[in-house]
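A short worksheet on the structure shown next.
Values in this document were obtained by computation on a predicted structure and should not be read as measured data. All heavy atoms count here, side chains included; hydrogens, waters and symmetry mates do not.
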Amino acid sequence: VNSQAAGYLLNWPGLLAMAGILVLAAWNGQAPIVVLTSLLFSAAGLAKLWSHLSLARVSCRRQLSERRVFPGEKINVKLQVANRKPLPLPWIQVDDQIPQALGGASTLPGNKPGSVLVRRSAAMLWYSSVKWKYDLPCLKRGYYPLGPAVISSGDIFGLYSRSFQTPMEDHVIVYPKLFPVGRLAIPSQQPMGESKTGYRVFQDPTRPVGVRDYQPGDSLRHVHWKASARLQSLQVKVFEPTTTFKVALFLSVESFKDNGSVHEENFELGISVAASLAHHVVEQGSPAGVFVNTRRVDSDQPVSLAPSGSRDQLTSILEALANVTVASSGPFELFLESEQRVLHAGTTVALIFARPPETLPLLLHALKENGFKLLLFFIGEGEALPWGEGISVHRIRKASDLGSLDT
């Protein structure tokens, strides 16, 4: 708790000086000075006591209508301050600290870079509370911490003020923008999945549909021993043919940098491309994962989400992409080499760049050698040139280009 006097005279040296003047005036019989000094001294003492008790049993609470939104949406914030004591508060002030990107026109400069203050004030009676409401316009993707808030109050004379910083800290996550994706053909076909196919691509050993006679080359693991004993000949299980698409999206942060500067519009478009593709794949009922060599706002770690078909995967992907920054965790080549170890052969690896690295041909060759199918997305202006057989290349200059994909 911080305490502040309205002037030097009201600090302890000034009060001691007034006490000395009071004693000297009384000693010399100066009644007017004694009365005036006594009034000042009494008022200062009462004010200091009032100020000392002003923030006792005062609490503050912040409520958010949402904590996760998409760009363009608003979050309604409610601030409630309660005074749970018999002493009234002639004035109370709350300074709620929010990121500058979420602040409107009615904010004040904050006490730390990149922040602004939403200031509200009121007078409060004993055992009462007051509420304020304001909106946070969420216009840009990101992870935004809120708080802490500073509550200030004091005495009725305005001679002393006290303030304390509340521990209430929240955060708001603004997801990347999602855009419609056209008829994008995912070349990966995995032996396990949920989608039935009319032709036999792979056999899913978790879905036996019958038995047949054993043929040379059949695995002994698929022998149906009970049926073999009953028919007196080796029988093997027949499995349901299935296929699924598993996609791993890799975004290169440093490819959006040119001479140390970042083209912010292309960078945000690249993140939205990754989010939109992940949304498209998940909506098709297939696993998707995202990898970004960045330093996340909330953890300073890169984004590494292996493909998964869980119901929470898309939310995890959007939250992770909301935390992406332009800071790189290391060279993309090393990041790709490390993270691809969690992927199975046959997975479609979608690479998203602004500018292709010089080592891209070697990266593509290594990925194909390891059994991955490939998609390339280049963000911003430039020509989309073929990179080899079996590799689809797409140039995304603007968001609407995603909707025109037809490969």
Side-chain angles (χ1 to χ4, degrees), residues 1-4 6 46-140 142-175 297-298 315 319 322-323:
V1 177
N2 297 321
S3 181
Q4 186 175 357
L46 177 62
K48 194 168 185 64
L49 177 62
W50 195 326
S51 175
H52 182 75
L53 298 174
S54 62
L55 294 180
R57 303 187 67 182
V58 170
S59 62
C60 183
R61 183 176 63 174
R62 183 197 297 117
Q63 292 180 306
L64 304 177
S65 59
E66 300 287 345
R67 283 182 167 80
R68 293 166 176 80
V69 296
F70 284 95
E73 298 179 349
K74 288 185 178 181
I75 294 178
N76 180 260
V77 182
K78 295 180 181 179
L79 282 178
Q80 181 176 7
V81 177
N83 178 28
R84 299 184 179 89
K85 62 178 180 295
L87 182 70
L89 301 179
W91 65 275
I92 189 167
Q93 177 178 290
V94 179
D95 289 333
D96 198 11
Q97 190 164 261
I98 62 174
Q100 189 172 7
L102 301 181
S106 60
T107 56
L108 301 172
N111 54 11
K112 66 180 182 181
S115 69
V116 293
L117 296 178
V118 176
R119 176 167 291 175
R120 297 292 185 268
S121 59
M124 300 182 66
L125 296 175
W126 47 87
Y127 296 106
S128 63
S129 64
V130 63
K131 295 181 182 179
W132 299 285
K133 295 181 181 180
Y134 65 89
D135 292 329
L136 294 179
C138 302
L139 304 177
K140 184 180 177 183
Y143 176 95
Y144 300 104
L146 306 180
V150 176
I151 302 177
S152 304
S153 187
D155 61 277
I156 193 171
F157 306 114
L159 301 181
Y160 295 96
S161 64
R162 290 172 70 85
S163 63
F164 75 94
Q165 185 170 283
T166 67
M168 58 178 193
E169 295 189 23
D170 298 295
H171 66 268
V172 169
I173 295 177
V174 182
Y175 293 144
V297 177
D298 60 346
T315 300
E319 288 186 4
N323 279 276

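- Proximity of a side-chain donor or acceptor of K85 to a complementary backbone N or O of S54 within less than 3.5 Å is detected.
- Under the 4.5 Å side-chain criterion, counting only non-hydrogen atoms from C-beta, T166 is not in contact with V94.
- A donor-acceptor contact closer than 3.5 angstrom links the side chains of R84 and S59.
- Residues that satisfy the salt bridge (Lys or Arg N to Asp or Glu O under 4.0 Å) test with K133, not counting sequence neighbours, are absent from this structure.
- Between L55 and R162 the shortest side-chain heavy-atom distance falls below 4.5 Å.
- Side chains of L87 and W50 form a contact here, defined as non-hydrogen atoms less than 4.5 Å apart.
- To the nearest 0.5 Å, atom CG of residue D95 and atom CZ of residue R119 are 4.0 Å apart.
- When atom types are taken as modelled, the side chain of S65 and the backbone of N76 share a donor-acceptor pair closer than 3.5 angstrom.
- Taking every heavy atom of both residues into account, P88 and N83 meet most closely at CA-ND2, 4.3 Å.
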After noting the C-alpha distance and the side-chain angles of L136 and L146, does the key distance pass the side-chain contact (heavy atoms from CB on, under 4.5 Å) rule? CA-CA 11 Å; L136 294 179; L146 306 180; 4.1 Å; yes
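- The two atoms that bring W132 and A122 nearest to each other are CZ2-CB, 3.8 Å, heavy atoms only.
- When side chains are defined from C-beta on, Q97 counts as touching P148, because their heavy atoms get closer than 4.5 Å.
- Atom OH of Y134 is separated from atom CG of L102 by 9.5 Å, given to the nearest 0.5 angstrom.
- Legend: residues meeting salt bridge (Lys or Arg N to Asp or Glu O under 4.0 Å) with R62, ordered by chain and number and at least two apart, are D96, D170.
- The two atoms that bring V116 and P99 nearest to each other are CG2-O, 4.0 Å, heavy atoms only.
- Note that CD1 of I156 and CG of L46 are 9.0 Å apart. Values are rounded to the nearest 0.5 Å.
- Taking the six-membered ring for Trp and the full ring otherwise, Y144 and H171 have centroids separated by 6.0 Å or more.
- Closest non-hydrogen pair, G147 versus E169, comes out as C-CG, 4.4 Å.
- Here the side chain of D155 pairs a donor or acceptor atom with the backbone of F157 at under 3.5 angstrom.
- Interatomic distance, Q63 CD to I75 CD1, rounded to the nearest 0.5 Å: 13.5 Å.
- Inter-residue side-chain proximity for V81 and Q93 is flagged as unmet; no heavy-atom pair is nearer than 4.5 Å.
- Closest approach of M124 to I92, counting heavy atoms only: SD-CG2, 3.7 Å.
- Using a 4.5 Å cut-off on side-chain heavy atoms (C-beta onward), S129 and Q80 make contact.
- If you take OG on S51 and CG on L89, they are separated by 10.5 Å, rounding to the nearest 0.5 Å.
- Taking OG of S115 as the start and CG of L108 as the end, the distance is 11.0 Å to the nearest 0.5 Å.
- The list of ring pair (Phe, Tyr, Trp, His ring centres under 6.0 Å) pairs with a residue in residues 64-96, not counting sequence neighbours, reads F70-Y175.
- Residues C138 and K74 have side chains not in contact (no heavy-atom distance under 4.5 Å, counting atoms from C-beta outward).
- Between R68 and E319, the closest side-chain pair of non-hydrogen atoms falls below 4.5 Å.
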